[in-house]
Novice: 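One structure is given below, represented as structure tokens, and several questions about it will come after.
All values reported here derive from a predicted model rather than from experimental measurement. Residue indices begin at 1 and follow the sequence shown.
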Amino acid sequence: MSLQTRERPRHPDATAPDGSEVRILAATSRGSMAQFTLPPGAVSKAVAHRTVEEVWLVTHGQGRMWRKLGDMEVTAELRAGISVSIPVGAHFQFRNDGAGPLHCVGVTMPPWPGMDEAYEVDGVW
């Protein structure tokens, strides 16, 4: 593994399985980081992850994230400074309720293995 320094790309590198824009950031052998963006009024697809867990930090915008794990279910208000955890197997969906883009930086552990990692589930929106 090398010592990475990476500038946030101006344009998305990919579209996540949930439909959000992805800008790939630095990674190590144990975790990867990306910025996820939803435009105003957008709602992601509801998904769950097979093998990875994530922690997200909202850096700009406002919205909501729904998460469900077993019998636990919560909808969190998203705004700059709020962080959320997404355990392996948790169902989640997020939406942008603001007038500008919703930007979240997420760390995936272990690193994101590919598009087959996420699978669609029933969501709330």
Novice: Treat each ILVMFWY residue as a node, draw an edge where side-chain heavy atoms are under 4.5 Å apart, and state whether Met33 and Ile24 are in one component.
Specialist: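 No.
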Novice: What is the distance from atom CG of Asp116 to atom CZ of Arg50, rounded to the nearest 0.5 Å?
Specialist: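 Rounded to the nearest 0.5 Å, the CG-CZ separation comes to 7.0 Å.
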Novice: For Pro40 and Ala99, which heavy atoms make the closest approach, and how far apart are they?
Specialist: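 Where Pro40 meets Ala99 most closely, the heavy atoms are CG-O, 3.3 Å.
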Novice: Between Asn96 (side chain) and Gly63 (backbone), is there a donor-acceptor pair under 3.5 Å?
Specialist: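 Not a single qualifying donor-acceptor pair exists.
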Novice: When you group the ILVMFWY residues by side-chain heavy-atom contacts below 4.5 Å and let the links chain together, are Phe92 and Val22 in the same group?
Specialist: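 Yes, because Val22 and Phe92 connect within a single hydrophobic cluster, where side-chain heavy atoms sit under 4.5 Å apart.
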Novice: Could Glu21 and Arg23 be called an ion pair, given the rule that one side-chain N must be under 4.0 Å from one carboxylate O?
Specialist: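 Judged by the 4.0 Å cut-off on N to carboxylate O distance, Glu21 and Arg23 do form a salt bridge.
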Novice: Would you say the side chain of Met65 lies within less than 4.5 Å of the side chain of Ile86, judging by non-hydrogen atoms?
Specialist: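 In contact.
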Novice: Is Val58 reachable from Val107 through a run of hydrophobic residues whose side-chain heavy atoms are each under 4.5 Å from the next?
Specialist: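 No.
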Novice: Is the centre of the Phe94 ring less than 6.0 Å from the centre of the Trp66 ring?
Specialist: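 So the answer is no for these two rings.
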Novice: Check the pair His103, Thr59 against side-chain hydrogen bond (donor to acceptor under 3.5 Å, both in side chains), reporting the backbone distance first and the verdict last.
Specialist: CA-CA 6 Å; His103 296 293; Thr59 59; 5.6 Å; no
Novice: Would Val43 end up clustered with Leu78 when hydrophobic side chains under 4.5 Å apart are linked, directly or stepwise?
Specialist: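 They do not share one cluster, since no chain of ILVMFWY contacts under 4.5 Å joins Val43 to Leu78.
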Novice: Under the 3.5 angstrom rule, does the side chain of Gln93 hit a backbone N or O of Trp125 as a donor-acceptor pair?
Specialist: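 Yes.
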Novice: Please report the closest heavy-atom contact between Ser32 and Pro111, naming both atoms and the distance.
Specialist: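 Nearest heavy atoms, Ser32 then Pro111: OG-CA, 3.5 Å.
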Novice: Using side chain to side chain contact (heavy atoms under 4.5 Å, CB included) as the criterion, point out the one residue from Val88, Val55, Thr28 that pairs with Met109.
Specialist: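 Only one option passes, and that is Val55.
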Novice: Around Arg79, counting heavy atoms of other residues, nucleotides and ligands shown, do more than 12 lie under 6.0 Å from its CZ?
Specialist: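 No, because the 6.0 Å sphere around CZ of Arg79 holds 12 heavy atoms or fewer from other groups.
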Novice: Give the minimum heavy-atom separation between Ala26 and Gln4, together with the two atoms involved.
Specialist: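 Looking at all heavy atoms of both residues, the shortest contact is CA-OE1, 3.2 Å.
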Novice: Give the intermediate values and the outcome of side chain to side chain contact (heavy atoms under 4.5 Å, CB included) for residues His91 and Asp122.
Specialist: CA-CA 8 Å; His91 297 191; Asp122 291 331; over 6 Å; no
Novice: Would you call Thr15 and Ser20 a side-chain contact if the rule is heavy atoms closer than 4.5 Å?
Specialist: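 Thr15 does not reach Ser20 side chain to side chain.
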Novice: Which class fits the ring pair Trp112 and His49: parallel under 30°, tilted 30 to 60°, perpendicular over 60°?
Specialist: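 Plane angle over 60°, so perpendicular.
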Novice: Taking all atoms of both residues into account, what is the closest heavy-atom pair of Pro9 and Arg6, and its distance?
Specialist: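 That closest heavy-atom pairing would be CG-NH2, 3.9 Å.
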Novice: For Glu117 and Thr51, run side-chain hydrogen bond (donor to acceptor under 3.5 Å, both in side chains): C-alpha distance rounded to whole Å, both residues' side-chain angles, the deciding distance at 0.1 Å, then the answer.
Specialist: CA-CA 7 Å; Glu117 171 62 24; Thr51 64; 2.7 Å; yes
Novice: After noting the C-alpha distance and the side-chain angles of Val47 and Tyr119, does the key distance pass the side chain to side chain contact (heavy atoms under 4.5 Å, CB included) rule?
Specialist: CA-CA 5 Å; Val47 297; Tyr119 58 95; over 6 Å; no
Novice: I'd like to know if Asp18 pairs up with Arg95 as an ion pair, taking the criterion as any Lys NZ or Arg NE/NH1/NH2 lying under 4.0 Å from an Asp or Glu carboxylate oxygen.
Specialist: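 No, no charged N to carboxylate O under 4.0 Å.
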Novice: Are Val52 and Pro110 close enough that some pair of their side-chain heavy atoms sits under 4.5 Å apart?
Specialist: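 In short, these two side chains touch, coming nearer than 4.5 Å.
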Novice: For Glu54 and Phe36, run side chain to side chain contact (heavy atoms under 4.5 Å, CB included): C-alpha distance rounded to whole Å, both residues' side-chain angles, the deciding distance at 0.1 Å, then the answer.
Specialist: CA-CA 12 Å; Glu54 293 183 329; Phe36 306 102; 4.2 Å; yes
Novice: Look only at the side chain of Thr108 and the backbone of Gly31, and say whether a donor-acceptor pair between them is shorter than 3.5 Å.
Specialist: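 Checked: no pair found.
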Novice: Check Ala76 against Arg67 and note the closest heavy-atom contact, atom names and distance.
Specialist: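 Reported closest heavy-atom pair: CB-NH2, 3.8 Å.
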Novice: Please report the shortest heavy-atom distance between Gln62 and Leu102, naming the atom on each side.
Specialist: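 That closest heavy-atom pairing would be N-CD1, 3.7 Å.
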